Amino acid sequence: MLAEIQQALHDKALAFRKANTQDAKTYEDLKKAVEIGFAFSHWCGGADCEAKIKDETRATMRCIPLEQSGGPGTCVYCGKAAAERAIFARAY
Ligand SMILES: [Zn+2]
């Protein structure tokens, strides 16, 4: 019973995040995505990029999902090679 409730809550949270998360391939996309929800973007791992994104968009990095789709790409901010994608969102 408890496990079912937890599973339902987890599914709901996941569905919510999926519905509100946009693949943001460019910095412009990221800016638009964080206006309404989450941005899922490649990030080089640099603290500088994270700080600049936060300064300019008020969005902070939330997590690096274990499920990485799409493979490596380029950092949404600096354009350097990025192995992972992270989720960015504004604090409410
Ligand atoms: Zn970067």
Side-chain angles (χ1 to χ4, degrees):
M1 183 60 189
L2 187 62
E4 269 172 42
I5 294 169
Q6 280 173 340
Q7 185 62 43
L9 286 174
H10 176 82
D11 289 351
K12 211 173 159 189
L14 204 69
F16 177 83
R17 202 181 77 192
K18 272 200 176 133
N20 291 281
T21 302
Q22 298 183 54
D23 280 328
K25 291 190 174 63
T26 66
Y27 193 47
E28 287 303 310
D29 287 348
L30 181 145
K31 281 194 249 182
K32 278 184 218 147
V34 299
E35 294 282 337
I36 50 169
F38 301 87
F40 188 32
S41 299
H42 276 103
W43 170 56
C44 63
D48 279 1
C49 290
E50 192 188 351
K52 294 251 169 61
I53 291 169
K54 190 181 171 187
D55 279 356
E56 294 173 18
T57 70
R58 292 188 289 121
T60 53
M61 209 240 303
R62 291 313 166 91
C63 62
I64 297 173
L66 292 174
E67 234 178 85
Q68 292 278 336
S69 55
T74 53
C75 176
V76 73
Y77 194 84
C78 69
K80 281 187 210 153
E84 307 180 300
R85 294 204 289 176
I87 289 189
F88 292 88
R90 282 181 180 164
Y92 292 102

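Heavy atoms only: backbone and side chains are in, while hydrogens, waters and symmetry mates are out. When a ligand or atom number is given, it counts from 1 through the structure's own listing order. What you see is a predicted model, and the numbers here were worked out from it, not measured in a lab.
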- Message: So, using salt bridge (Lys or Arg N to Asp or Glu O under 4.0 Å) as the criterion, who are the partners of Glu4 when residues are at least two apart?
- Response: none

- Task: Sort by chain and number the protein N/O/S atoms that are closer than 2.8 Å to the Zn ion (ligand 1), and list them.
- Result: Cys44 SG, Cys49 SG, Cys75 SG, Cys78 SG

- Item | Residue list, side chain to side chain contact (heavy atoms under 4.5 Å, CB included) with Ile5, at least two apart or on another chain | Met1, Leu9

- Task: Verify, without hydrogens or angle tests, whether Arg17 (side chain) and Lys12 (backbone) share a donor-acceptor contact under 3.5 angstrom.
- Result: no

- Partner set under side chain to side chain contact (heavy atoms under 4.5 Å, CB included) for Lys54, not counting sequence neighbours: Thr60

- Item | Sidechain N-carboxylate O distance under 4.0 Å for Lys31, Glu28 | yes

- Query: Is the side chain of Arg85 donor-acceptor paired with the backbone N or O of Gln68 at a distance under 3.5 Å, no angle test?
  - Reply: no

